[in-house]
Amino acid sequence: QVQLVESGGGLVQAGGSLRLSCAVSGRTSSRYPMGWFRQAPGKEREFVAAITLSGGSTDVADSVKGRFTISRDNAKNTLYLQMNSLKPEDTAVYYCAASTGIIATRSQYPYSYWGQGTQVTVSS
């Protein structure tokens with residue numbers, strides 16, 4: 001089993017920055033590709049970013065490209081999401097997830113383990 005705990009969410013003004021962290025416990029985090037997803041009120045959960053086992057390759061949704069960066073520190077069993085130039089439309093609950101698939105994908109289905117989520121609210 002893998003346990004994921006997100007932190008770092010909060011209230012920020014438009015244009016500001018936040019860094020989300022996801023602490024991984026249980027099995028070694030380096031065994032899994034990982035991702036960030038988000039869900040805004042009244043909307044379906046959507047892909048934000050994903051990263052490979054080693055961290056050498058990443059994928060970021062077009063809506064956040066150039067503003068958000070995903071990274072991981074396998075020695076610390078921690079996943080990060082650096083969010084800059086935040087916009088009100090970035091307001092959502094952000095979830096980290098660990099995939100039991102081989103690659104880091106945009107699809108939610110290979111992700112077997114999920115955190116409880118952290119709220120990010122961007123005011124205009």
Side-chain angles (χ1 to χ4, degrees):
Q1 275 290 57
V2 175
Q3 293 79 43
L4 308 176
V5 179
E6 303 95 336
S7 61
L11 174 64
V12 64
Q13 289 188 333
S17 298
L18 284 174
R19 188 174 82 155
L20 305 184
S21 298
C22 174
V24 185
S25 60
R27 294 183 177 180
T28 307
S29 69
S30 60
R31 295 185 183 181
Y32 303 99
M34 297 195 69
W36 287 98
F37 294 80
R38 68 185 182 184
Q39 187 168 20
K43 295 187 177 181
E44 294 188 352
R45 189 160 56 187
E46 65 175 3
F47 168 80
V48 176
I51 190 166
T52 54
L53 292 169
S54 66
S57 182
T58 63
D59 184 24
V60 180
D62 290 344
S63 59
V64 304
K65 193 167 291 183
R67 301 188 296 121
F68 290 13
T69 303
I70 186 172
S71 62
R72 65 191 299 165
D73 185 337
N74 287 337
K76 295 183 178 180
N77 290 340
T78 304
L79 176 73
Y80 302 100
L81 184 68
Q82 178 66 45
M83 306 186 295
N84 299 327
S85 301
L86 283 160
K87 304 176 181 180
E89 52 263 43
D90 295 318
T91 295
V93 176
Y94 284 72
Y95 300 90
C96 67
S99 171
T100 50
I102 298 174
I103 60 175
T105 73
R106 296 188 171 201
S107 171
Q108 300 182 38
Y109 296 105
Y111 293 88
S112 299
Y113 304 107
W114 293 82
Q116 83 289 349
T118 186
Q119 176 70 47
V120 171
T121 303
V122 184
S123 63
S124 58

Q: Show your working on side-chain contact (heavy atoms from CB on, under 4.5 Å) between F47 and D59 and close with a plain yes or no.
A: CA-CA 10 Å; F47 168 80; D59 184 24; 3.8 Å; yes

Q. Does S107 reach the main-chain N or O of T105 with its side chain, forming a donor-acceptor pair under 3.5 Å?
A. no

(Q) I need the minimum non-hydrogen distance between N84 and S17, along with the two atoms involved. (A) OD1-OG, 3.0 Å

Q. Which value, rounded to the nearest 0.5 Å, describes the distance between R19 atom CZ and S71 atom OG?
A. 7.0 Å

Q. Would you say the side chain of Q119 lies within less than 4.5 Å of the side chain of T91, judging by non-hydrogen atoms?
A. yes

(Q) For A49 versus L81, what's the shortest heavy-atom pair and its separation? (A) CB-CD1, 4.3 Å

Q: Please lay out, stage by stage, how V64 and M83 fare under the test side-chain contact (heavy atoms from CB on, under 4.5 Å).
A: CA-CA 9 Å; V64 304; M83 306 186 295; over 6 Å; no

Q: Before accepting this row, confirm whether a basic side-chain N of the pair D62/K65 lies closer than 4.0 Å to the acidic partner's carboxylate O.
A: yes

Q. Distance-only, no hydrogens or angles: does the Q108 side chain make a donor-acceptor pair with backbone N or O of F37 under 3.5 Å?
A. no

(Q) Keeping Y95 on the side-chain end and E6 on the backbone end, is there a donor-acceptor pair under 3.5 Å? (A) no

Q. Short question: side chain of R106, backbone of A50 - any donor-acceptor pair under 3.5 Å?
A. no

Q) Where do L4 and Q116 come nearest, in terms of heavy atoms and distance? A) O-OE1, 3.6 Å

**Q.** Steps toward side-chain contact (heavy atoms from CB on, under 4.5 Å) verdict (S21, K76)
**A.** CA-CA 11 Å; S21 298; K76 295 183 178 180; over 6 Å; no

Q) To the nearest 0.5 Å, how far apart are OG in S99 and CD1 in I51? A) 13.0 Å

Q) Is the backbone of G26 close enough, under 3.5 Å, to the side chain of N77 for a donor and an acceptor to pair up by distance? A) no

Q.
With heavy-atom distances below 4.5 Å as the criterion, would you say the side chains of W36 and F68 are in contact?
A. no

Q | Main-chain N/O of S57 paired with T52 side-chain donor or acceptor, under 3.5 Å | A | yes

Q: For the pair R38 and V120, evaluate side-chain contact (heavy atoms from CB on, under 4.5 Å) and give the outcome as yes or no after the intermediate values.
A: CA-CA 9 Å; R38 68 185 182 184; V120 171; over 6 Å; no

Q: Could you state whether Y80 and V93 fall into the same hydrophobic cluster, counting links through intermediate Ile, Leu, Val, Met, Phe, Trp or Tyr residues with side-chain heavy atoms under 4.5 angstrom apart?
A: no

Q | Minimum heavy-atom distance between M34 and I70, given as atom pair plus value | A | O-CD1, 4.2 Å

Q: Kindly give the heavy-atom pair with the smallest separation between T100 and S112, and that separation in Å.
A: OG1-OG, 2.9 Å

Q.
Side-chain heavy atoms nearer than 4.5 Å, only ILVMFWY residues, links allowed to pass through others: does that put V24 and Y113 together?
A. yes

Q. Any idea which heavy atoms bring P88 and S124 closest together, and the distance?
A. CG-CB, 3.8 Å

